[in-house]
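What follows is a set of notes on a single structure, which appears directly below.
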Amino acid sequence: MDFELDDEQTALRDAVRRLLASTYASIDGRRAATAKAPGWDEGMWGRLAEMGVLGLPFTEEDGGMGAGPVEVALVAEQLGRVLAPEPFAEAVVLACGLVAAAGSAEQKEHLLPGVVDGTTVAAFAHFEPGAAAGTPPRSVTATQDGDGWLLDGVKEPVLHGAQAGVLVVSARVDAGGTDRTGLFVVATDAAGLDRVDYPTYDGIRAARVTFASTPAAPLGAAGADASDVLALVTAHAQVALCHEAVGAMATALDLTTEYLRTRKQFGVPLKTFQALTFRAADMYVSLELARSMALWATLVLADGDPDAAVVAATRAVVQTSAAGRHIGQEAIQLHGGIGMTAEYAVGHYTTRLTAIDQLLGGRTAHLKALADHVGEYDVVDPLAV
Amino acid sequence: MDFELDDEQTALRDAVRRLLASTYASIDGRRAATAKAPGWDEGMWGRLAEMGVLGLPFTEEDGGMGAGPVEVALVAEQLGRVLAPEPFAEAVVLACGLVAAAGSAEQKEHLLPGVVDGTTVAAFAHFEPGAAAGTPPRSVTATQDGDGWLLDGVKEPVLHGAQAGVLVVSARVDAGGTDRTGLFVVATDAAGLDRVDYPTYDGIRAARVTFASTPAAPLGAAGADASDVLALVTAHAQVALCHEAVGAMATALDLTTEYLRTRKQFGVPLKTFQALTFRAADMYVSLELARSMALWATLVLADGDPDAAVVAATRAVVQTSAAGRHIGQEAIQLHGGIGMTAEYAVGHYTTRLTAIDQLLGGRTAHLKALADHVGEYDVVDPLAV
Amino acid sequence: MRLRLSEADAAFREEMRAFFTTQVPERIRSVVAERRELSKDDIVETQRILNAAGLAVPAWPAEWGGRGWTSLQKHIWHEEMQLANVPAPLAFNTSMVGPVIAAFGSQEQKERFLPATANIDIWWSQGFSEPDAGSDLASLRTAAVRDGDHYVVNGQKTWTTLGQYGDWIFTLVRTDPDAPKKQMGISFLLIDMTSPGLTVRPIKLIDGGQEVNEVFFEDVRVPVANLVGEENKGWTYAKFLLGNERVGVAPVGSTKSVLARAKQLAKDRLDDPFVAARFAELETELLALELTALRVVANSADGKPHPASSVLKLRGTQLQQAVTELLVDLAGPGGVASGADDTSAVPQWARVAAPRYLNYRKASIYGGSNEVQRQIIAGTILGL
Amino acid sequence: MRLRLSEADAAFREEMRAFFTTQVPERIRSVVAERRELSKDDIVETQRILNAAGLAVPAWPAEWGGRGWTSLQKHIWHEEMQLANVPAPLAFNTSMVGPVIAAFGSQEQKERFLPATANIDIWWSQGFSEPDAGSDLASLRTAAVRDGDHYVVNGQKTWTTLGQYGDWIFTLVRTDPDAPKKQMGISFLLIDMTSPGLTVRPIKLIDGGQEVNEVFFEDVRVPVANLVGEENKGWTYAKFLLGNERVGVAPVGSTKSVLARAKQLAKDRLDDPFVAARFAELETELLALELTALRVVANSADGKPHPASSVLKLRGTQLQQAVTELLVDLAGPGGVASGADDTSAVPQWARVAAPRYLNYRKASIYGGSNEVQRQIIAGTILGL
């Protein structure tokens with residue numbers, strides 16, 4: 001096992017960090033970018049495209065960079081460190097990841113270039129109101145209509161659903177009495193498509209997306225069950241979000257230690273109070289354990305076994321979810337009142353960590369998924385998954 | 001709701017405290033008492049009998065004092081405070097409590113006076129190897145044999161099972177295809193009875209008790225299902241043990257705060273280190289919450305509704321179990337190395353708290369029992385259970 | 001020791017329950033139940049209903065509307081109010097400045113302020129905290145300099161909750177910068193918020209709400225008649241006030257109410273043993289807290305906070321936060337739809353879960369942080 | 001970045017696994033697996049088997065039996081040993097005094113002690129802690145006064161683990177009571193435990209075991225030749241030793257092994273979702289720790305402890321303790337049958353659960369308490 005970055009990876013990380021620093025050196029950058037449509041900095045998105053970041057996970061054949069999960073992880077962590085609102089994990093890794101993994105050659109050729117060059121943003125409409133995380137689509141259905149397919153139902157929340165130029169949609173397909181999960185592509189000018197845009201509490205945008213006999217094209221082979229590809233690409237997106245969370249936790253801890261060093265109370269710096277510094281030490285422990293797990297999950301993704309990838313992502317979510325809540329809560333508490341204000345940076349980190357946790361589906365759901373299989377092996381061997 | 005003791009109760013508490021202080025003022029008292037048979041101080045047992053303590057929970061008609069759960073709780077807490085090894089909860093509240101609750105008039109007349117005057121100690125043989133806490137007896141069976149009954153199987157561990165002068169035994173009774181829980185009385189010279197004595201890690205005695213066609217007398221009406229009376233008397237014993245635990249926690253915290261006040265390190269008293277004093281504060285919170293719950297459960301027992309009593313005992317166990325582990329662990333940790341030694345008192349408190357927790361069946365089992373009914377009511381109202 | 005309430009207390013409880021559930025408009029109570037934000041009008045309307053019935057300031061001296069209730073009765077009043085989702089009387093008025101004026105104010109101040117305070121004809125704001133004085137309140141720097149029969153006030157207060165609605169503000173100001181101890185140079189001053197030179201600036205919190213404010217004082221002239229008690233004795237009055245703030249501070253009833261509603265809303269999830277166990281656990285922890293509150297109530301001499309009230313504040317806010325956390329988890333990914341309107345397909349409770357969770361991180365900071373409470377427990381109770 | 005081991009490392013791992021599972025007697029490994037107490041003979045026999053195969057002191061200089069392995073190889077060696085339930089070489093010999101003698105001892109000391117230390121012909125004890133110097137080790141008071149070519153040692157050491165088996169003891173003694181800083185007057189002295197005036201008194205621990213001892217020195221005469229390095233430089237050597245102690249200190253393999261065995265033993269309880277979730281949780285936490293250990297290993301320059309090794313000690317002992325706690329809970333009431341013999345109807349694992357739990361409370365105290373580790377993290381890593 002080897003956790004060292006090679007020179008190219010280091011260069012990529014540093015370049016992304018420098019680029020992001022140009023806009024997001026302070027929390028004002030995020031505030032400005034999220035204050036107006038589309039909810040991120042379009043100039044930044046373009047520069048990320050120029051740098052090749054938006055094509056990282058796709059093969060060169062598909063117009064991408066042919067990089068892998070490690071490069072995705074590096075970018076995600078840098079985005080998390082500065083809370084950049086660009087929807088890398090959601091649009092590139094998840095929505096386009098589904099196109100790359102399940103789409104036909106024509107679909108890839110049609111959709112990916114615009115995504116990679118930054119002109120089109122894709123969204124994945126998957127969450128359904130009231131459904132627990134990780135369950136297959138139920139309320140949005142796809143039915144065959146002659147040569148084509150029609151979608152009906154509601155997806156909500158769909159991240160940047162109203163800003164997206166193309167929608168990937170999961171739907172329930174009735175296959176002779178049993179349900180299958182299908183993936184579809186919907187054009188944003190499709191009939192019967194309605195998108196209602198609103199802000200989320202972490203400052204980005206989401207939408208309620210309604211389908212009423214809306215024409216849709218199956219992604220890849222029509223009628224095939226997409227559960228496996230959905231699980232695998234979801235695992236990739238989850239691990240990317242875990243890295244984004246790790247980046248956010250690292251900065252939350254930095255802000256906290258800086259505050260403890262500089263802020264005075266009762267005539268002395270806060271770091272004089274051992275009850276506070278010990279809690280910062282525990283935050284560091286949480287951070288490093290979460291980082292280790294996210295890195296390992298990335299390596300498992302890169303190793304290529306899809307079943308192992310899903311389990312590794314699940315473990316990463318379990319660890320990240322606990323660490324994110326711990327660090328997010330303590331970061332505010334150790335700051336005191338100022339940590340509650342939108343003017344100061346640290347609360348935004350807690351806010352984003354909370355949103356990531358909800359999007360990942362929360363710790364318990366993932367722990368239960370692991371618990372279901374705990375009797376099937378003796379020990380977890382990180383080197384032989 | 002009223003948590004005030006009346007004058008008589010205060011007098012009882014103070015008298016028991018004074019009596020116990022005569023032998024158990026330091027941990028040496030427990031060490032001496034548990035070093036030799038029967039594992040408690042027989043003189044102390046006699047003086048407790050003289051004081052009427054061993055007859056507290058029984059009606060005057062049965063030769064007891066006609067007191068109630070509140071008086072039992074006061075005594076149990078005092079025993080816990082000094083770690084007195086006398087088996088009050090196990091022998092008096094539990095084993096004899098079953099006789100008082102389920103026995104016939106003859107059985108009560110035959111058994112209780114000797115218990116109340118301290119000449120006979122009763123034990124309840126109930127735990128079965130491998131069975132989870134709270135499950136009905138399975139492996140010890142009772143079968144009718146003419147006019148009498150015979151027991152077969154193994155009970156282990158039976159607290160002071162080898163020291164007891166009379167055994168109350170739970171057994172599975174086959175009642176035409178369905179299992180019933182029966183309670184029986186077994187004389188210690190009964191045929192086919194084998195008792196193997198050994199020490200427990202908290203310094204008291206337990207036994208493996210084997211029955212091989214051992215004659216036994218049904219407690220009360222033969223063949224009646226004793227599940228309800230077993231549940232109710234178990235609830236009484238659990239709440240008494242919770243109070244014993246509260247007493248032990250209070251002393252563990254006292255020892256810890258005293259140590260933090262007096263022990264110097266790096267040239268200053270340990271109480272200078274805020275990281276330590278804050279943890280002592282959290283111990284206090286745990287203690288007070290557990291105490292509140294144990295007191296409340298006592299009041300519910302006294303109020304008389306058996307179903308409410310079982311639920312209240314369950315809540316008391318959930319709270320006590322968590323508090324006991326928290327306080328037991330922190331008491332040692334805040335002492336450092338000396339807390340690990342048998343020479344010093346505090347480790348004995350942690351040890352006893354651990355044993356009480358195991359005997360109570362642990363937090364999760366009780367939490368699950370509550371969880372099963374959580375959908376049946378809106379809020380928990382302590383005043384209207 | 002006795003489980004049941006006395007007949008009189010049981011009847012009192014029924015009376016309170018009946019009043020709160022029938023006399024306060026359902027429209028207002030549903031705002032609380034649904035964890036939406038109360039408007040100023042909601043709060044004022046409720047308090048006036050309570051005040052008309054003698055239920056706004058029961059703990060005040062009888063002369064000014066108090067009821068002479070036992071500690072247990074006050075506890076029942078408070079719990080039933082919370083369980084019925086009735087907005088509590090404005091704490092700044094009824095628990096903070098009112099009792100201070102009643103105890104230390106002049107007869108003129110009492111007559112001028114107390115009836116208006118009870119009836120919320122004056123909305124009071126609190127001016128204690130300053131940007132550079134967090135838990136170390138006594139290091140405050142806002143200065144009041146005597147100039148004839150006025151004080152001239154300069155400085156800045158912060159964390160002034162609902163200051164945007166404030167008519168008057170009660171402040172701690174430094175009147176003697178040369179006092180040998182910083183606690184000794186502080187006075188307690190009442191300031192009309194329409195005074196020239198006083199400005200209020202909202203502070204946006206991380207959940208998007210604007211409930212706290214900064215208040216700036218630039219040469220604000222305050223009549224000397226608005227000084228409460230003696231000059232430079234303000235710290236004594238502040239300690240009295242903060243002690244009152246801590247009594248009955250455990251938000252048991254409201255937390256129970258939120259938890260009960262969550263259970264209803266998540267009814268179909270209770271067959272998940274982990275969800276059910278989490279409810280069982282929180283209910284048990286809350287019960288232990290409620291019982292501890294009852295024990296503390298029974299042992300509180302009037303007005304003097306029992307040191308164990310720090311347990312109530314510490315544990316009370318922990319559980320309050322734990323319940324908000326449970327709702328975040330139950331909401332799941334749908335929870336990010338916080339900005340959707342009521343046409344959303346995501347239920348309202350799930351949409352407010354995360355913002356409420358974020359907002360309630362304040363509970364363990366304001367009003368004496370949990371660190372301060374641990375310090376009180378360690379110092380006052382454990383002698384450390 | 002790469003998940004898989006290199007071919008060479010994978011082969012190395014297979015080699016280690018094969019050796020540990022076939023060359024160390026099953027009889028001894030089952031003692032570890034069943035969490036019973038190892039005898040002195042078990043430990044000595046195992047270490048000699050390892051030493052004969054060059055596996056007892058791989059981290060030492062090559063000249064004295066070291067293997068020049070990479071950090072990853074040392075990690076694999078250690079993990080596989082633990083996973084196979086092989087008792088580790090005696091840490092006092094191989095991780096503590098051996099490296100100190102190799103680094104700072106005279107040529108005579110090296111020749112005299114190192115081979116015997118590697119082969120456990122000498123069983124070393126540790127004489128650092130004193131009754132009045134817990135985490136504040138440098139305040140030790142045991143004095144060594146020069147008298148010709150001897151030191152005369154007086155004082156008391158405590159927490160000397162397995163001191164009852166000790167042949168020699170390495171000690172920190174005060175040789176200059178007047179040094180300007182207390183760290184500057186300390187020397188590192190090797191003492192034959194058969195010396196007149198040296199007595200060992202066992203300390204019984206709360207689980208009933210007697211693994212630690214007090215060691216008393218009354219006018220014990222120690223040849224000056226047994227001084228390691230320079231007089232009054234002992235603190236430097238001690239810090240070197242304590243740093244080594246922390247490297248690879250996370251007991252991941254052994255904790256995994258205990259957890260795996262618990263899962264086997266409790267197989268019929270895994271249909272309880274709470275039991276299964278607790279295993280899943282602990283396995284995940286342990287995996288995160290193991291991965292962190294691998295990251296630290298990769299970043300450790302030889303001999304210098306990475307500051308993150310404090311994370312390993314802190315979290316490693318927390319998880320070690322959490323697993324012992326799980327076993328207490330699984331054992332239930334049967335767990336009090338700890339004093340029963342093997343004819344007991346309660347299974348052996350359930351009988352040892354609580355004593356092991358109690359014994360492992362020490363893990364977060366000895367070898368640098370968790371409070372000390374937090375201090376290191378806050379100070380060295382976070383700059384607080």
Side-chain angles (χ1 to χ4, degrees), chain A residues 1-6 9 69-70 73 253 256-257 260-261 269-271 274 276-285 288-293 295-296 298-303 314-315 318-319 322-323 363-364 366-375 377-385, chain D residues 1-6 9-10 13 72 75-76 83 253 256-257 259-261 263-264 267 270-271 273-281 283-299 308 310-312 314-315 318 370-371 373-379 381-384:
Chain A
M1 187 167 304
D2 177 7
F3 289 107
E4 289 292 297
L5 300 183
D6 63 28
Q9 290 165 339
V70 174
L253 177 56
T256 305
T257 53
L260 294 178
R261 269 194 296 269
L270 284 178
K271 73 172 186 146
Q274 199 189 48
L276 306 184
T277 60
F278 276 27
R279 283 159 70 178
D282 284 334
M283 291 165 75
Y284 178 78
V285 173
E288 285 307 311
L289 294 172
R291 183 194 297 284
S292 298
M293 192 70 99
L295 286 170
W296 172 77
T298 303
L299 296 182
V300 175
L301 294 179
D303 196 57
T314 300
R315 292 202 191 277
V318 166
Q319 200 75 28
R363 186 165 186 268
T364 309
H366 289 267
L367 198 53
K368 278 159 65 179
L370 294 174
D372 287 343
H373 300 281
V374 87
Y377 54 87
D378 284 336
V379 294
V380 179
D381 183 347
L383 300 169
V385 288
Chain D
M1 305 233 304
R2 197 185 59 245
L3 178 68
R4 304 282 159 185
L5 291 176
S6 70
D9 286 334
R13 190 190 201 203
L72 180 59
H75 178 83
I76 291 171
L83 280 173
K256 277 170 78 171
S257 171
L259 191 64
R261 194 158 185 279
K263 209 160 69 171
Q264 273 173 11
K267 199 122 206 152
L270 292 180
D271 53 352
F274 293 93
V275 171
R278 221 161 141 195
F279 276 104
E281 183 173 25
E283 285 177 348
T284 303
E285 295 283 354
L286 269 169
L287 173 60
L289 179 68
E290 180 172 6
L291 295 165
T292 307
L294 283 162
R295 285 174 56 214
V296 170
V297 157
N299 287 302
S310 284
V311 172
L312 306 183
L314 175 58
R315 192 74 190 134
Q318 286 172 338
N370 282 3
E371 288 70 36
Q373 305 308 331
R374 286 195 184 91
Q375 218 154 9
I376 293 172
I377 294 169
I381 302 179
L382 303 180
L384 295 174

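In what follows, every chain begins at residue 1, and chains take the letters A, B, ... in the order their sequences are listed.
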Between A:Leu270 and chain D, which part of the residue has a heavy atom less than 4.5 Å away: side chain, backbone, both or neither? neither
What part of D:Arg13 gets within 4.5 angstrom of chain A, counting heavy atoms only: side chain, backbone, both, or neither? side chain
Backbone of D:Leu382 reached by a side-chain donor or acceptor of A:Arg261 within 3.5 Å: yes
Contact between A:Val318 and D:Glu281 at the side-chain level, heavy atoms closer than 4.5 Å - yes or no? no
Quick check for you: among A:Arg291, A:Lys368, A:Met283, A:Arg279, which has the greatest number of heavy-atom pairs under 4.5 Å with chain D? A:Arg291
So which atom in A:Met293 and which in D:Leu291 form the shortest heavy-atom distance, rounded to 0.1 Å? SD-CD1, 3.9 Å
Answer with side chain, backbone, both or neither: which region of A:Ala280 has an atom nearer than 4.5 Å to a non-hydrogen atom of chain D? both
Is D:Leu314 close to chain A through its backbone or its side chain, or both, or neither, when contacts mean heavy atoms under 4.5 Å? side chain
Across all chains, not counting sequence neighbours, the side-chain contact (heavy atoms from CB on, under 4.5 Å) partners of D:Gln375 are A:Gln274, A:Phe278
Residue pair D:Lys267 / A:Gly375: nearest heavy atoms and the distance that separates them: NZ-O, 3.3 Å
Would you compute the distance between atom OG1 of A:Thr257 and atom CD1 of D:Ile381 and round it to the nearest 0.5 angstrom? 11.5 Å
Is it true that a side-chain atom of D:Lys263 and a backbone atom of A:Tyr377 form a donor plus acceptor pair closer than 3.5 Å? yes
D:Leu294 CG to A:Leu295 CG distance, which is reported to the nearest 0.5 Å: 11.5 Å
Return the CD1 to CG distance between D:Ile377 and A:Asp282, rounded to the nearest 0.5 Å. 7.5 Å
So CG of A:Asp303 and CG of D:Leu3: to nearest 0.5 Å the spacing works out to 5.0 Å
For the CG atom of A:Asp372 and the CG atom of D:Leu270, what is their distance to the nearest 0.5 Å? 11.5 Å
Who pairs with D:Ala280 by side-chain contact (heavy atoms from CB on, under 4.5 Å), at least two apart in sequence or on another chain? A:Leu367, A:Leu370, A:Ala371, A:Val374
Strictly distance-based, threshold 3.5 Å: is any side-chain N or O of D:Arg315 a donor or acceptor partner for the main-chain N or O of A:Leu289? no
Heavy atoms, side chains only, cut-off 4.5 Å: are D:Leu287 and A:Gln319 in contact? no
For the residue pair D:Ala288 and A:Ser292, what are the closest heavy atoms and their distance? O-CB, 3.9 Å
Closest heavy-atom pair and its distance - A:Asp378, D:Ala260: O-CB, 3.6 Å
CE of D:Met1 to CG of A:Leu5: how many Å apart, nearest 0.5 Å? 6.0 Å
